[in-house]
Amino acid sequence: MDDQKKLSFFEKVYILVRMIPEGKVASYGQIAAYLGHPRAARTVGWALHGIPEGSDVPWQRVINNKGRITISNVEYSASLQRDLLEEEGIVFGEDDRVDLRVYRWDGPDWVELESMLRGCL
DNA sequence: ACAATGACATAAG
DNA sequence: GCTTATGCCATTG
């Protein structure tokens, strides 16, 4: 437990987001909490902001805690994100919100996460 | 080390 | 329900 501390928060965020299964969504605060920083939701959002095109990180599955898309990026627009999520079977409500009670990600498999963290080094 | 930044979260009006 | 204000936290210049 003293070897993989070199990974930046950003890298951990990427790894964790990659583990989100198709058809599920997670909030920024949720991701941060799983990484051990329950208040670092903003940092998670910033991490996703720096994702390069063609990355295997399903950034579209990360939304805010209200089940709504809060994005300000010009490259990746909210419309695009909604479209991508709908393709995965996620249905948006009339308020452009998803039902977190149904689509909220249960969380990572800690064994898998640990393996991923080591493998990424 | 300090100030600014940002795809959040929560409380208050 | 929406808008505004405040708090949080890692990264960057």
Side-chain angles (χ1 to χ4, degrees):
Chain A
M1 300 209 297
D2 315 289
D3 313 36
Q4 75 243 22
K5 292 301 173 97
K6 303 306 177 196
L7 282 178
S8 296
F9 209 80
F10 285 26
E11 295 297 328
K12 293 182 188 173
V13 170
Y14 300 149
I15 295 172
L16 197 56
V17 173
R18 280 196 211 101
M19 297 177 67
I20 303 178
E22 195 174 296
K24 290 284 183 178
V25 296
S27 69
Y28 302 92
Q30 201 181 342
I31 298 295
Y34 289 141
L35 292 177
H37 296 258
R39 310 293 148 143
R42 306 192 69 167
T43 311
V44 173
W46 201 348
L48 295 179
H49 179 258
I51 283 185
E53 288 187 41
S55 174
D56 50 342
V57 178
W59 56 270
Q60 68 265 25
R61 297 186 190 136
V62 185
I63 58 183
N64 70 356
N65 206 23
K66 310 282 189 310
R68 220 176 200 182
I69 297 176
T70 53
I71 213 172
S72 298
N73 196 319
V74 288
E75 302 286 325
Y76 307 108
S77 64
S79 307
L80 174 61
Q81 184 171 12
R82 194 181 77 194
D83 190 44
L84 289 171
L85 289 176
E86 284 180 338
E87 285 188 31
E88 295 187 355
I90 296 177
V91 181
F92 281 74
E94 299 177 354
D95 296 338
D96 293 322
R97 281 193 297 173
V98 305
D99 195 339
L100 287 178
R101 295 168 301 182
V102 178
Y103 300 113
R104 187 186 266 268
W105 182 32
D106 297 329
D109 186 332
W110 298 108
V111 181
E112 283 283 327
L113 179 57
E114 198 172 335
S115 296
M116 290 287 287
L117 289 175
R118 293 198 199 178
C120 239
L121 283 180

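Lettering follows sequence order; numbering is per chain, from 1.
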Worksheet item: Closest to the A:Arg97 side chain: C:dG1, C:dA10, B:dA7?
Response: C:dG1

Worksheet item: Between A:Leu100 (CG) and B:dC8 (P), how many Å, whole number?
Response: 15 Å

Item to complete: Round to a whole Å and report the spacing from OH of A:Tyr34 to C1' of C:dC9.
Response: 19 Å

Discussion item. Under a 3.5 Å distance rule, please check whether A:Arg61 uses its side chain to pair with a backbone N or O of A:Trp105 as donor and acceptor.
Written reply: no

Response to the item:
Heavy-atom closest pair (A:Arg82 atom, A:Asp96 atom, distance to 0.1 Å) is NH1-OD1, 3.4 Å

Fill in: Rounded interatomic separation in angstrom, taking CD from A:Glu75 and C1' from B:dG6
16 Å

Worksheet item: Restricting to pairs with a member in residues 46-55 of chain A, which pass side-chain hydrogen bond (donor to acceptor under 3.5 Å, both in side chains), not counting sequence neighbours?
Response: none

Worksheet entry | Short side-chain N/O contact to C:dA10 OP1/OP2 from A:His37, under 4.0 Å | yes

Worksheet item: Atom CD of A:Glu94 and atom P of C:dC2: how far apart are they, to the nearest Å?
Response: 12 Å

Using the 3.5 Å cut-off, write out each protein N or O paired with an N or O of nucleotides 9-13 of chain B and the distance between them.
from, atom 1, to, atom 2, distance (Å)
B:dA9, OP1, A:Gly29, N, 3.4
B:dA9, OP1, A:Asn65, N, 3.3
B:dA9, OP2, A:Asn65, N, 3.0
B:dT10, OP2, A:Asn65, ND2, 3.1

Practice prompt. Give the rounded distance in Å between these two atoms: CZ of A:Phe9 and C1' of C:dA10.
Written response: 7 Å

Practice prompt. Would you name the heavy atoms of A:Ile71 and A:Ala78 that are closest together and state the gap between them?
Written response: CG2-N, 3.4 Å

Worksheet entry | Any A:Arg82 side-chain N or O less than 4.0 Å from OP1/OP2 of B:dA7 | no

Practice prompt. Let me see the working for A:Arg97 and A:Asn64 under side chain to side chain donor-acceptor pair (under 3.5 Å), right down to the final yes or no.
Written response: CA-CA 10 Å; A:Arg97 281 193 297 173; A:Asn64 70 356; over 6 Å; no

Item to complete: Indicate yes or no for a side-chain donor-acceptor contact from A:Glu88 to the backbone of A:Gly23 under 3.5 Å, with no hydrogens or angles considered.
Response: yes

Discussion item. Can you measure A:Arg68 atom CZ to C:dT3 atom P for me and round it to whole angstrom units?
Written reply: 9 Å

Discussion item. Please tell me whether A:Trp110 and A:Leu117 are part of a single hydrophobic cluster in this structure, the criterion being side-chain heavy atoms less than 4.5 Å apart.
Written reply: yes

Discussion item. Tell me the interatomic distance from A:Leu35, atom CG, to C:dC8, atom C1', rounded to whole angstroms.
Written reply: 15 Å

Worksheet item: Between A:His49 (NE2) and C:dT11 (C1'), how many Å, whole number?
Response: 13 Å

